[in-house]
2 protein chains.
Amino acid sequence: MDALETRELRYFIAVAEELHFGRAAERLGMAQPPLSRAIQRLEKRLGVCLLDRDRRGVRLTGAGQVLLHEGRAALDATAAAARRTRRSGSTDHPGGSRERLVIAVKAAASHDLLQRLLDAYAAEPDAAEIEVLAGGFTEQEQMLRDGRADVALLIAPFNSLAGFDSEELLTEGRIAVLPARHPLATRKFLSMADISDVPDLPIARWPRHGAYAPGPGPEVRDHTQLAQLIALGRTMAVVPDSARTWLWHEHAAVPLTDAPPVHTHIAWPPHSRSLALAGLIRTATRLIPDTAPTAATME
Amino acid sequence: MDALETRELRYFIAVAEELHFGRAAERLGMAQPPLSRAIQRLEKRLGVCLLDRDRRGVRLTGAGQVLLHEGRAALDATAAAARRTRRSGSTDHPGGSRERLVIAVKAAASHDLLQRLLDAYAAEPDAAEIEVLAGGFTEQEQMLRDGRADVALLIAPFNSLAGFDSEELLTEGRIAVLPARHPLATRKFLSMADISDVPDLPIARWPRHGAYAPGPGPEVRDHTQLAQLIALGRTMAVVPDSARTWLWHEHAAVPLTDAPPVHTHIAWPPHSRSLALAGLIRTATRLIPDTAPTAATME
DNA sequence: TCTTACGATACCCACCAGGTATCAGCCCAG
DNA sequence: CTGGGCTGATACCTGGTGGGTATCGTAAGA
């Protein structure tokens with residue numbers, strides 16, 4: 001029983017995601033027949049049926065779902081191995097350019113926290129060079145999983161901490177961002193019930209796992225788009241308190257009393273022998289008392 | 001830049017572990033020249049030097065060490081993907097034989113805890129079939145990492161919980177196991193200082209990561225061997241309290257006042273969509289109050 | 001019934017993984 | 001300093017297989 005090759009995993013995952021051999025082959029840059037054969041061989045090798053091909057589309061069997069999940073994790077791990085090795089090699093022999101850390105953050109989120117972290121870390125005696133990689137929605141999480149980043153600021157409940165080591169750095173409430181001229185904008189506080197069903201101001205919808213949930217609000221893809229729609233009086237949004245940094249004059253921010261809080265964590269892969277990373281994490285945990293004294297006991 | 005294949009990872013890891021191309025090739029069941037070529041190709045592909053071959057042996061570069069660690073994790077992940085898929089498939093269509101969970105435990109450790117866990121779980125209405133896989137020293141951890149098991153009882157500080165989700169089930173002190181006829185055996189309590197340097201009773205040494213640490217005590221590989229040597233008056237051992245289950249008449253157990261405690265956790269891979277696993281974990285956490293009320297606040 | 005769509009099959013080629021034989025540097029024995 | 005042995009690299013060959021094109025079988029829709 002020889003081992004699963006990463007190529008086979010890539011192929012299967014493409015098919016499992018597209019649920020269509022033709023499109024999957026196109027995505028993989030190959031013809032359809034070899035892809036079909038590869039999947040057949042994979043099924044035979046595993047002794048398991050992965051896909052139900054009953055005319056009218058392809059569907060995943062239970063085993064197929066398992067392989068999709070586990071295979072993604074495995075592919076991420078191998079991609080991470082390759083990337084981290086490459087990066088480690090580039091600073092290996094050549095005279096010793098300092099170790100370099102890549103931190104992934106969600107663009108514009110936790111901005112001042114990141115600022116303080118970088119400042120504090122730069123003051124350390126043996127600080128490594130830090131590269132900041134800003135990604136969209138849940139992209140920082142993926143960057144950490146596949147080795148594009150060494151460490152990330154992840155935001156619960158939007159990101160999953162599963163499989164990472166992490167420390168909580170910041171807990172914040174949420175605010176409703178409204179058009180400044182809307183009647184609700186004058187309120188001192190709001191509850192979720194107050195805003196969940198305002199006819200002329202439906203809540204904007206963000207993509208979740210690549211798709212939009214159904215609902216009345218407009219679909220938005222980035223902060224700029226959202227900010228504009230709010231300024232135009234077309235929608236509102238519920239965002240973490242720290243999002244105040246990017247508000248416009250035409251916006252009003254009203255604290256929500258009963259929205260679930262948002263937790264920002266610093267997260268890193270659970271092995272990781274890097275001294276530079278350890279230093280950064282130590283620096284980060286020292287920031288905690290400034291923002292949330294004894295936060296560890298609050299949960 | 002095409003992706004790292006698992007075959008290449010296997011090859012590199014073999015060489016990195018043996019630090020010898022010939023032996024690595026033998027271990028892989030292949031000839032040496034193709035192995036050399038494969039490693040060269042890998043280095044070229046990654047654009048990184050992985051090994052220093054300066055006569056007098058092969059050594060890992062920094063990048064090589066990174067790839068060894070990350071690559072092991074990646075290989076474990078792909079092996080886990082294959083195994084979990086196979087297992088999931090075998091109970092997939094055929095009329096619905098119940099889901100089957102594999103739990104890995106260290107042989108003879110936490111025996112009564114495991115007993116209570118299995119009993120409690122079996123009483124659940126929708127209980128899955130549970131297979132118990134007993135392994136040696138740190139083998140349960142590896143079994144969980146590479147997919148031979150779905151869940152494991154891991155014992156800190158001997159196992160690493162890195163990369164797993166876990167719940168602490170049990171905290172216990174440690175005891176010194178002595179020959180019953182030794183003078184120290186009559187004591188009510190002992191401290192580490194009392195036993196760390198007894199000339200006629202050196203502490204037995206267990207293998208750590210495949211090698212024995214240097215020291216005066218005899219090298220032991222399993223409980224039986226240890227038990228016999230203790231009964232013969234040749235050595236003593238420091239073990240968790242629950243090890244009392246396997247003591248002989250010729251043994252005496254004396255609690256240690258200042259030995260670091262041992263924590264038994266139930267651990268599982270951090271993704272895992274399995275309902276059966278969720279049920280088992282729920283059952284396990286319900287066991288906690290029986291043994292260590294509000295243990296979560298003790299740390 | 002004809003068309004269309006999609007996955008499977010048949011067949012072919014080219015590449016490369018792996019084998020054997022051999023070379024090349026280094027160490028040690030004498 | 002010279003020859004043998006050890007170890008990794010190189011040269012060259014072969015077979016398996018990954019990938020391509022052409023085509024088929026079948027089910028759904030017009």
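Letters go in sequence order (proteins before strands), and every chain restarts at 1.
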message: Check Arg72(B) with Glu17(B), please: is the shortest side-chain N to carboxylate O separation under 4.0 Å?
response: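 A salt bridge links Glu17(B) with Arg72(B).
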In whole angstrom, give the distance that lies between atom [atom1] of [X] and atom [atom2] of [N].
{"X": "Arg37(A)", "N": "dT23(D)", "atom1": "CZ", "atom2": "C1'", "result": "15 Å"}
{"X": "Leu42(A)", "N": "dA8(C)", "atom1": "CG", "atom2": "P", "result": "13 Å"}
{"X": "His20(A)", "N": "dC6(C)", "atom1": "NE2", "atom2": "P", "result": "4 Å"}
{"X": "Leu28(A)", "N": "dG18(D)", "atom1": "CG", "atom2": "P", "result": "15 Å"}
{"X": "Lys44(B)", "N": "dT10(D)", "atom1": "NZ", "atom2": "C1'", "result": "14 Å"}
{"X": "Asp52(B)", "N": "dT7(D)", "atom1": "CG", "atom2": "C1'", "result": "16 Å"}
{"X": "Leu35(B)", "N": "dA9(D)", "atom1": "CG", "atom2": "P", "result": "9 Å"}
{"X": "Glu26(A)", "N": "dG7(C)", "atom1": "CD", "atom2": "P", "result": "13 Å"}

Which nucleotide in the set [options] lies at the smallest distance from any side-chain heavy atom of [X]?
{"X": "Val58(B)", "options": "dG19(C), dA22(D), dG8(D)", "result": "dG8(D)"}
{"X": "Gln40(B)", "options": "dT9(C), dT10(D), dG18(C)", "result": "dT10(D)"}
{"X": "Pro34(B)", "options": "dA9(D), dG18(C), dA8(C)", "result": "dG18(C)"}

message: Ignoring hydrogens and geometry beyond distance, is the side chain of Arg7(A) in donor-acceptor contact with the base of dG18(D) at under 3.5 Å?
response: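 No.
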query: With a 3.5 Å cut-off and just heavy-atom distances, do the side chain of Gln32(B) and the base of dA9(D) make a donor-acceptor pair?
result: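 By the distance-only test, yes, there is a pair.
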message: For a quick test of reading the model, state the closest non-hydrogen atom pair linking Ala149(B) to Arg84(B) and the distance between them.
response: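 Result for this residue pair: O-NH2, 3.0 Å.
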field: Distance-minimising heavy-atom pair for Arg53(B) and Glu43(B)
entry: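 Arg53(B) and Glu43(B) have their closest heavy atoms at NH1-OE1, 2.9 Å.
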message: Whether the side chain of Thr235(B) engages the backbone of Gly217(B) through a donor-acceptor N/O pair (distance < 3.5 Å, no angle test) should be reported.
response: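 Pair absent, no side-chain N/O of Thr235(B) close to backbone of Gly217(B).
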query: Do Glu141(B) side-chain atoms and Ser160(B) backbone N/O form a donor-acceptor pair below 3.5 Å?
result: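 Answer holds: yes.
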5' precedence on DNA chain D between Tyr11(A) and Ser36(B) (nearest-nucleotide basis):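 Final value for this comparison: Ser36(B).
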- prompt: Arg41(A) near the nucleic acid: base, sugar-phosphate alone, or nothing, with a heavy-atom cut-off under 4.0 Å?
  reply: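 If one applies the 4.0 Å heavy-atom cut-off, Arg41(A) turns out to touch the sugar-phosphate alone, with no base involved.
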